[in-house]
Engineer: 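This is the structure, below, for whatever I ask next.
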There are 2 protein chains.
Amino acid sequence: MLCPYCLNSETKVIDKRDNESLTKRRRECLKCSKRFNTLEAVERPEFRVIKKDGRRENFDYEKLKRGVLKACEKRPISSEKIDKMLARTEERLRKRGKEVKSTLIGDIVASELKKIDKVAYIRFASVYREFRELDDFKKEITFLVNR
Amino acid sequence: MLCPYCLNSETKVIDKRDNESLTKRRRECLKCSKRFNTLEAVERPEFRVIKKDGRRENFDYEKLKRGVLKACEKRPISSEKIDKMLARTEERLRKRGKEVKSTLIGDIVASELKKIDKVAYIRFASVYREFRELDDFKKEITFLVNR
DNA sequence: ATTACGAACACAATATATTGTGTTTTCCTC
DNA sequence: GAGGAAAACACAATATATTGTGTTCGTAAT
């Protein structure tokens with residue numbers, strides 16, 4: 001922890017108080033003796049999505065969910081399974097940093113769906129990856145069927 | 001520190017790593033045993049904002065950020081650029097003393113946005129400066145277009 | 001001016017986090 | 001599918017943070 005005044009990295013904790021989901025510590029720099037506070041919080045950084053045309057928007061979980069639910073429509077997949085899959089997806093995206101390309105979202109969702117339900121996967125892939133030719137479709141299906 | 005999964009408040013630290021000015025801890029919930037990370041960072045010293053009616057309130061970085069993000073919505077501006085711009089803005093405000101007028105915030109944000117993205121600038125200015133007349137708007141636009 | 005509340009301060013007894021090092025896993029890239 | 005980087009995992013010896021309680025100070029509301 002860097003002292004915000006002299007940038008020294010050795011500090012000690014003088015006091016600590018918890019507050020719901022936040023932990024506040026009072027620290028003292030071992031070098032310049034100045035005091036300052038720090039906050040500890042659960043890591044859940046926001047991230048943004050870069051669309052194909054370069055525009056940015058905040059990640060929208062509900063939007064992701066809608067897309068996935070649509071692909072899973074009428075398929076025998078429990079809500080629980082879907083929720084877990086969505087959580088995993090969000091985690092994977094979060095790990096990619098503060099900004100992720102929208103195409104990456106599609107890729108990750110696809111890879112997750114593939115693990116769960118082939119039909120849902122194909123449905124999703126056909127939309128998100130914008131399979132240009134029926135050929136791509138056919139290739140994917142052949143590939144899946146052969147396994 | 002609340003476990004983000006079961007909301008239990010007892011957790012233990014499994015690991016900790018420092019990274020420049022951030023401290024990352026890995027924790028385990030004593031109840032559900034799930035693991036999660038936390039981040040500790042220096043708390044920015046506070047300063048206050050004088051609102052138009054004279055009332056004071058603490059400067060709220062998140063609020064500032066929300067306003068700016070709103071103005072930048074759907075614009076091709078990277079998070080990094082926005083974050084830097086926000087940091088610069090906060091620094092400029094901080095230098096103005098322990099109390100700053102709310103109108104100053106608007107002016108500084110506007111001047112920063114102007115450097116980055118004209119559209120975002122106009123959006124922001126139209127809200128924060130409460131352009132009374134469409135005229136003001138028109139004038140600004142004409143001015144910008146002519147450059 | 002008075003009250004009330006949260007923030008800062010202090011301190012001592014105790015419990016828990018930290019550090020260093022090394023291994024394993026995950027997942028992105030090619 | 002292979003290679004490689006980053007994150008997670010593990011663990012033991014040691015140092016440091018935490019907790020509880022109480023006082024004081026600053027500032028907002030009355």
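Chain A is the first sequence line, chain B the second, and so forth, proteins listed ahead of strands; every chain is numbered from 1. Only this structure's heavy atoms are used, side chains among them; waters, hydrogens and symmetry mates stay out.
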Engineer: For A:Asn37, report the nucleic acid contact type (base, sugar-phosphate, nothing); a contact means any heavy atom under 4.0 Å.
Structural biologist: sugar-phosphate
Engineer: More 5' along DNA chain D: B:Lys24 or B:Ile14, using each one's nearest nucleotide?
Structural biologist: B:Lys24
Engineer: As a test of reading the structure: which of C:dA17, D:dT27, D:dT18 is closest to the side chain of B:Lys12, going by heavy atoms?
Structural biologist: C:dA17
Engineer: What is the distance, rounded to the nearest whole Å, between atom CZ of B:Arg25 and atom P of D:dA8?
Structural biologist: 15 Å
Engineer: Do any side-chain nitrogens or oxygens of A:Arg26 fall under 4.0 Å of OP1 or OP2 in D:dA17?
Structural biologist: no
Engineer: Count the heavy atoms of every other residue, nucleotide or ligand shown that sit under 6.0 Å from NZ of A:Lys98, and state whether that count exceeds 12.
Structural biologist: yes
Engineer: Should A:Arg27 be listed as having a side-chain N or O under 4.0 Å from OP1 or OP2 of D:dT18?
Structural biologist: no
Engineer: Take atom CG of A:Asp18 and atom P of D:dA17, then tell me their distance rounded to the nearest Å.
Structural biologist: 15 Å
Engineer: Please work out if B:Arg55 contacts a base, only the sugar-phosphate, or nothing of the nucleic acid, heavy-atom cut-off 4.0 Å.
Structural biologist: nothing
Engineer: From CZ of A:Phe36 over to P of C:dA7, roughly how many Å is that when rounded to an integer?
Structural biologist: 19 Å
Engineer: Considering just the side-chain nitrogens and oxygens of B:Arg56, establish if one lies under 4.0 Å of OP1 or OP2 belonging to D:dA28.
Structural biologist: no
Engineer: Nearest-Å distance, CZ (B:Arg48) to P (C:dG6)?
Structural biologist: 15 Å
Engineer: Measuring from atom CD of A:Glu91 to atom CD1 of A:Ile108, what distance do you get when rounded to the nearest 0.5 angstrom?
Structural biologist: 11.0 Å
Engineer: Which value, rounded to the nearest 0.5 Å, describes the distance between B:Leu2 atom CG and B:Asn8 atom CG?
Structural biologist: 8.5 Å
Engineer: D:dA6, OP1 or OP2 - any side-chain N/O from A:Lys95 closer than 4.0 Å?
Structural biologist: no
Engineer: So with a 6.0 Å cut-off around CZ of B:Arg96, is the heavy-atom count from everything else above 12?
Structural biologist: no
Engineer: Quick check on DNA chain D: between B:Asp15 and A:Thr23, whose nearest nucleotide comes earlier from the 5' end?
Structural biologist: B:Asp15
Engineer: Can you tell me the distance, in whole Å, between the CG atom of A:Asp107 and the C1' atom of C:dC28?
Structural biologist: 12 Å
Engineer: Please report, rounded to the nearest Å, how far the P atom of C:dT26 is from the CD1 atom of A:Ile108.
Structural biologist: 16 Å
Engineer: Return whichever of B:Glu40 or A:Arg92 has its heavy-atom-nearest nucleotide of DNA chain C closer to the 5' end.
Structural biologist: B:Glu40
Engineer: Is there a side-chain polar atom (N or O) of B:Arg35 under 4.0 Å from OP1 or OP2 of D:dC9?
Structural biologist: yes
Engineer: Got a second to check how far A:Phe36's CZ is from A:Cys29's SG, nearest 0.5 Å?
Structural biologist: 6.5 Å
Engineer: If you count every heavy atom of other residues, nucleotides or ligands that lies below 6.0 Å from B:Lys115 atom NZ, does the total exceed 12?
Structural biologist: yes
Engineer: Take the protein atom CD of B:Glu10 and the nucleotide atom P of C:dT16, then report the distance between them rounded to whole Å.
Structural biologist: 10 Å
Engineer: Output the rounded distance in Å from CG (A:Leu22) to P (C:dG6).
Structural biologist: 16 Å
Engineer: If the cut-off is 4.0 Å, is A:Lys16 near the phosphate of D:dT19, judged by side-chain N/O to OP1 or OP2?
Structural biologist: yes
Engineer: For a quick check of understanding: with a heavy-atom distance under 4.0 Å over all strands, which category does B:Arg17 fall into, base, sugar-phosphate or nothing?
Structural biologist: base
